[in-house]
A.B. asks: 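Here you go, one structure.
All values below were derived from every heavy atom in this structure, side-chain atoms included, with hydrogens, water molecules and symmetry-related copies excluded. Sequence lines set the chain letters: A, B, ... in the order given, protein chains first and strands last, and positions in each chain run from 1. What you see is a predicted model, and the numbers here were worked out from it, not measured in a lab.
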Amino acid sequence: MLQPEQQPLSAAPVPSVAGPLLFWYDRHARALPWRVSPESRTAGTPPEPYRIWLSEVMLQQTTVATVKSYFARFVDRWPTVGAVAAAPETDILGEWAGLGYYARARNLHACAKTVTDDFDGCFPRTAAELRALPGIGEYTSAAIAAIAFDEPVAVVDGNVERVVTRLFAIEAPLPGARKTIRAHVAALTPDSRPGDFAQAMMDLGATVCTPTGPACILCPLRVHCRAATQGRAAQFPVKKPKAAPPERKGAAFVAVRPADGAIWLRRRARSGMLGGMSEPPTTEWSARADGATGAEAAPFAANWRYQGAVTHGFTHFRLELEVYRAELTQEPPIAGWWSNEAARGGEALPTLMRKVLDRALADPAEPRQSPKAQPRKRAG
DNA sequence: GAACCGTGGTG
DNA sequence: TCACCAAGGTT
């Protein structure tokens with residue numbers, strides 16, 4: 001059913017977009033570690049499905065700049081999907097630590113095992129089949145199918161949404177406008193070079209049709225773009241406003257073994273926040289008013305001393321954790337393990353927990369304001 | 001649909 | 001300081 005604010009697809013500049021966009025892409029495509037250049041592609045070098053899959057999962061809600069170093073370490077350590085499948089899940093989580101959205105890492109491992117066990121180590125070649133694999137949704141299935149296997153499917157990510165809402169000056173707010181956007185992309189996608197078309201749309205969104213200050217003067221599509229024609233590009237996409245995230249509060253307890261400075265860690269539940277990742281023992285993270293804090297909330301008795309608090313912003317709430325420290329000569333009466341400094345770089349510690357450890361181990365003379373976690377250090 | 005799930009960069 | 005954003009998926 002066509003909504004009043006939607007334009008009929010017949011009004012779309014469909015035939016003239018793919019040509020100039022691919023012409024632009026052949027000259028301005030970004031060089032990325034998982035990408036085969038347009039020239040090599042034309043010369044017959046296909047992209048490796050394994051590298052496309054891995055990069056696409058890492059790139060979910062994550063910037064190219066952040067992904068590059070993680071991608072390099074992953075493919076160096078696990079060169080094939082079979083190698084990922086054969087690795088213990090804790091190793092995958094350890095290599096993913098700091099990248100966020102840790103369900104991606106668990107699903108990545110599950111997906112690798114499915115591809116290895118049920119598909120003889122070869123990724124299925126259609127978006128519909130890929131869509132059934134763990135961690136591969138609407139976007140990622142289309143992206144892999146188009147880029148690795150030349151299937152002409154609509155690939156819609158945040159970049160494409162921005163480009164399309166500007167091209168057609170779509171006034172309806174996201175996420176409601178997604179169906180309309182998808183229909184436009186499907187109509188624009190060519191049967192020839194669908195993978196390059198998808199990557200070209202995303203490159204355009206990342207480098208020219210940017211969220212703020214779009215460089216319309218450099219855009220190969222500006223003559224087709226309604227928003228640019230009206231001088232309103234930066235006004236799109238329209239988004240539904242979100243409520244401010246609530247605050248939660250809790251406490252973290254860092255037990256230190258004086259002999260070698262090792263710290264007692266445990267593994268979080270596989271589901272929920274930071275699922276499967278490592279941490280020093282923490283309380284539940286409750287609403288700010290009734291959060292369990294103070295040394296009384298500790299999982300076992302010790303000479304806990306307050307070391308200051310750390311704050312951390314998650315997608316849907318902000319957290320303040322009080323940090324307590326105690327020296328222990330005996331093993332604590334709860335499940336876990338000692339992790340010394342040499343082992344700590346390889347632990348699956350999320351950024352929040354690295355902030356907690358930094359706070360707990362900081363020199364008491366240091367000011368307690370610095371909220372940044374130290375950059376991740378790795379053993380070996 | 002909407003809530004849940006991380007983190008780092010940027011204005 | 002803060003709000004927004006980034007190659008989204010699952011429940």
Side-chain angles (χ1 to χ4, degrees), chain A residues 30 32-35 51-71 93 96-108 110-111 130-148 154-163 173-179 185 195 198-207 210-213 234 237 239-248 268-277 285 311-319 348-355 369 371-373 375-376:
Chain A
R30 288 178 291 176
L32 300 172
W34 46 86
R35 179 179 281 180
R51 293 167 70 91
I52 300 302
W53 163 69
L54 178 62
S55 66
E56 289 299 344
V57 173
M58 286 186 166
L59 285 162
Q60 290 166 5
Q61 296 291 287
T62 309
T63 58
V64 166
T66 300
V67 163
K68 279 183 177 173
S69 63
Y70 283 87
F71 180 83
L93 287 172
W96 202 274
L99 202 52
Y101 286 132
Y102 299 102
R104 291 186 295 174
R106 301 193 301 271
N107 286 329
L108 186 90
C111 182
L130 289 161
R131 179 72 177 78
L133 295 170
I136 299 185
E138 200 62 43
Y139 161 76
T140 306
S141 59
I144 298 172
I147 296 170
V155 179
V156 185
D157 75 330
N159 288 305
V160 176
E161 287 179 352
R162 187 169 54 256
V163 171
L174 288 171
R178 293 233 160 95
K179 204 169 159 187
V185 176
Q199 294 177 93
M201 289 284 277
M202 294 190 278
D203 275 23
L204 189 73
T207 64
T210 49
T212 61
K239 296 197 174 179
K240 204 170 135 184
K242 307 177 251 203
E247 306 229 357
R248 295 190 195 176
R268 293 178 59 83
R270 283 180 56 80
S271 62
M273 288 292 300
L274 310 177
M277 301 295 284
W285 309 340
T311 59
H312 193 74
F314 290 109
T315 308
H316 54 295
F317 65 90
R318 285 190 56 78
L319 177 67
L349 285 166
T351 297
L352 163 65
M353 299 307 169
R354 292 186 187 271
K355 284 189 192 177
Q369 276 73 358
K372 296 282 283 184
R376 181 156 183 213

A.B. asks: Taking CG from L174(A) and C1' from dA2(B), how many angstroms apart are they, rounded to a whole number?
C.D. replies: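 Between C1' of dA2(B) and CG of L174(A): 15 Å.
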
A.B. asks: Just checking G313(A): base, sugar-phosphate only, or nothing, at a heavy-atom cut-off of under 4.0 Å?
C.D. replies: base

A.B. asks: Start at the 5' end of DNA chain B and walk down; is the nucleotide closest to P350(A) or to P175(A) reached first?
C.D. replies: P175(A)

A.B. asks: Starting at the 5' end of DNA chain B and moving along, which residue's nearest nucleotide shows up first, T212(A) or K240(A)?
C.D. replies: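 The residue whose closest nucleotide sits nearer the 5' end is K240(A).
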
A.B. asks: Sequence neighbours excluded, which residues qualify as salt bridge (Lys or Arg N to Asp or Glu O under 4.0 Å) partners of R248(A)?
C.D. replies: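 R248(A) satisfies salt bridge (Lys or Arg N to Asp or Glu O under 4.0 Å) with no residue once adjacent residues are dropped.
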
A.B. asks: Does R131(A) have any side-chain contact (heavy atoms from CB on, under 4.5 Å) partners at least two apart in sequence or in another chain, and if so, which?
C.D. replies: E138(A), S141(A)

A.B. asks: Report the distance from atom CE of M277(A) to atom C1' of dT7(B), rounded to the nearest whole Å.
C.D. replies: 12 Å

A.B. asks: Please report, rounded to the nearest Å, how far the P atom of dT7(B) is from the CH2 atom of W96(A).
C.D. replies: 13 Å

A.B. asks: State plainly whether the residues D203(A) and R35(A) are in salt-bridge range, i.e. N to O under 4.0 Å.
C.D. replies: yes

A.B. asks: With rounding to whole Å, what would you report as the distance between dA7(C) and dA3(B) at their C1' atoms?
C.D. replies: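 It comes out at 23 Å once rounded to the nearest Å.
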
A.B. asks: Which part of the nucleic acid, if any, lies within reach of L352(A) when heavy atoms closer than 4.0 Å are counted: base, sugar-phosphate only, or nothing?
C.D. replies: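 Since only primed, P, OP1 and OP2 atoms lie under 4.0 Å of L352(A), the category is sugar-phosphate.
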
A.B. asks: Please enumerate all residues that pass side chain to side chain donor-acceptor pair (under 3.5 Å) together with R270(A), with sequence neighbours excluded.
C.D. replies: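 Side chain to side chain donor-acceptor pair (under 3.5 Å) list for R270(A), sorted by chain: E89(A).
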
A.B. asks: Without decimals, in angstroms, what is the distance between M353(A) CE and dG6(B) P?
C.D. replies: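 The answer, rounded to whole Å, is 10 Å.
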
A.B. asks: Tell me the interatomic distance from K355(A), atom NZ, to dG6(B), atom P, rounded to whole angstroms.
C.D. replies: 14 Å

A.B. asks: Roughly how many Å is it from CZ in R178(A) to P in dG1(B), rounded to a whole number?
C.D. replies: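 Interatomic distance, CZ of R178(A) to P of dG1(B): 10 Å.
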
A.B. asks: Does H316(A) have a side-chain nitrogen or oxygen under 4.0 Å from the phosphate oxygens OP1 or OP2 of dA3(B)?
C.D. replies: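 H316(A) to dA3(B) OP1/OP2: no side-chain N or O under 4.0 Å.
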
A.B. asks: OP1 or OP2 of dT7(B) sitting under 4.0 Å from any side-chain N/O of H312(A)?
C.D. replies: yes

A.B. asks: Could you tell me how far apart W285(A) (CH2) and dC5(B) (P) are, to the nearest whole angstrom?
C.D. replies: 9 Å

A.B. asks: Restricting to side chain to side chain donor-acceptor pair (under 3.5 Å), what partner residues turn up for R268(A), sequence neighbours left out?
C.D. replies: E279(A)

A.B. asks: Does the protein touch nucleotides 4-11 of chain C at the base, only the backbone, or not at all? Give it as B, S and - per nucleotide, heavy atoms under 4.0 Å.
C.D. replies: -SBBBSS-

A.B. asks: Return the value, rounded to whole Å, for the distance between atom CZ of R318(A) and atom P of dG8(B).
C.D. replies: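 R318(A) atom CZ is separated from dG8(B) atom P by 14 Å.
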
A.B. asks: Could you list the residues that satisfy side-chain contact (heavy atoms from CB on, under 4.5 Å) with T207(A), not counting sequence neighbours?
C.D. replies: W24(A), R30(A)

A.B. asks: Have R104(A) and N107(A) got a donor and an acceptor in their side chains that come within less than 3.5 Å?
C.D. replies: no

